[in-house]
Student: 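Dropping the structure in here first, questions after.
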Amino acid sequence: GNSVTQMEGPVTLSEEAFLTINCTYTATGYPSLFWYVQYPGEGLQLLLKATKADDKGSNKGFEATYRKETTSFHLEKGSVQVSDSAVYFCALRRGQGGSEKLVFGKGMKLTVNP
Amino acid sequence: DGGITQSPKYLFRKEGQNVTLSCEQNLNHDAMYWYRQDPGQGLRLIYYSQIVNDFQKGDIAEGYSVSREKKESFPLTVTSAQKNPTAFYLCASSIVGGSTEAFFGQGTRLTVV
């Protein structure tokens with residue numbers, strides 16, 4: 001079946017540090033890939049997405065590239081801020097054959113200190 | 001503004017009581033989902049629905065029930081059969097099929113005492 005494996009943390013960084021959160025997936029066909037962010041006490045917000053191989057999603061300084069050859073979708077940011085403190089989830093969804101539900105990784109809690 | 005509304009944000013219930021969590025969306029989405037979130041376990045799918053009057057069990061459906069009488073609404077009932085109901089519950093919706101993302105509500109934190 002479809003699955004997502006991501007770094008679980010927790011991770012603590014200093015402001016302006018470089019961030020990488022690894023995410024790999026297992027899926028048949030060609031899934032769409034997503035990164036969601038969850039701030040304390042809130043629901044999930046879409047951070048970025050990519051729908052086909054070699055696509056790069058980007059938003060708010062975060063980037064991730066859909067790598068089919070390594071089945072990966074690693075999230076990166078060059079310089080994190082305190083406001084980036086949150087839980088980050090990698091997810092996939094196969095669009096073929098009707099409504100395929102989202103499959104999530106376990107999430108990674110990031111704390112950024114000033 | 002279009003979006004998903006979950007209510008209430010916090011809910012307290014006594015052990016053995018059924019409780020219903022509300023989820024309403026005005027995004028005109030056909031698919032709706034309920035997830036449960038526990039610390040360190042990510043999101044686990046409880047139920048999902050692709051069309052009115054139809055729904056399917058997810059990975060952890062035992063002790064829960066849902067209905068989908070209207071496109072906009074997908075309420076979740078946590079029954080007394082759910083052994084450990086204290087958790088954060090998230091509702092989401094999406095277009096059926098395709099490669100689109102799901103949109104989430106703000107969540108309901110249920111505490112059973």
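Residue numbers begin at 1 in each chain, while the letters A, B, ... track the order of the sequences.
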Student: For A:Leu46, is it the side chain, the backbone, both, or neither that has a heavy atom closer than 4.5 Å to a heavy atom of chain B?
Tutor: side chain
Student: Rounded to the nearest 0.5 Å, what separation is found between the CD atom of B:Glu101 and the CG atom of A:Leu47?
Tutor: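 Atom-to-atom, B:Glu101:CD and A:Leu47:CG are 11.5 Å apart.
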Student: Of the listed residues (B:Arg44, B:Gln37, B:Arg109), which shares the most heavy-atom pairs with chain A below a 4.5 Å separation?
Tutor: B:Gln37
Student: Mind listing the closest non-hydrogen atom pair of B:Ser94 and A:Arg93 along with its distance?
Tutor: OG-NH2, 3.4 Å
Student: Are B:Ile51 and B:Leu27 co-members of a hydrophobic cluster defined by side-chain heavy atoms under 4.5 Å apart?
Tutor: no
Student: Does CD belonging to B:Gln56 count more than 12 external heavy atoms closer than 6.0 Å?
Tutor: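 More than 12 within 6.0 Å, yes.
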Student: In this structure, would A:Ile21 and A:Val103 fall into the same cluster of hydrophobic residues linked by side-chain contacts under 4.5 Å?
Tutor: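 Yes: a chain of side-chain contacts under 4.5 Å links A:Ile21 to A:Val103.
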Student: If you group Ile, Leu, Val, Met, Phe, Trp and Tyr by side-chain heavy-atom gaps below 4.5 Å, do A:Phe34 and A:Tyr66 land in one group?
Tutor: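 In one cluster with A:Phe34: A:Tyr66, no.
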Student: For A:Lys109, look at atom NZ and say whether over 12 heavy atoms of other residues, nucleotides or ligands are found less than 6.0 Å away.
Tutor: no
Student: Quick check: are there more than 12 heavy atoms from other residues, nucleotides or ligands sitting under 6.0 Å from NZ of B:Lys57?
Tutor: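 Atom NZ in B:Lys57 is not packed in, count stays at 12 or less.
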Student: Rounded at 0.5 Å granularity, tell me how far CG in B:Leu90 sits from CD in A:Gln38.
Tutor: 6.0 Å
Student: Rounded to the nearest 0.5 Å, what separates atom OH in A:Tyr36 from atom CG in B:Leu43?
Tutor: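 A:Tyr36 atom OH to B:Leu43 atom CG measures 10.0 Å (nearest 0.5 Å).
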Student: Heavy-atom pairs under 4.5 Å with chain A - which of B:Ala102, B:Ala92, B:Gly105, B:Gly107 has more of them than the others?
Tutor: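 Most pairs with chain A among the choices: B:Ala102.
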Student: Give a yes or no on whether the backbone of A:Leu102 and the side-chain of B:Tyr33 come within a donor-acceptor separation of less than 3.5 Å.
Tutor: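 No, B:Tyr33 side chain to A:Leu102 backbone: no donor-acceptor pair under 3.5 Å.
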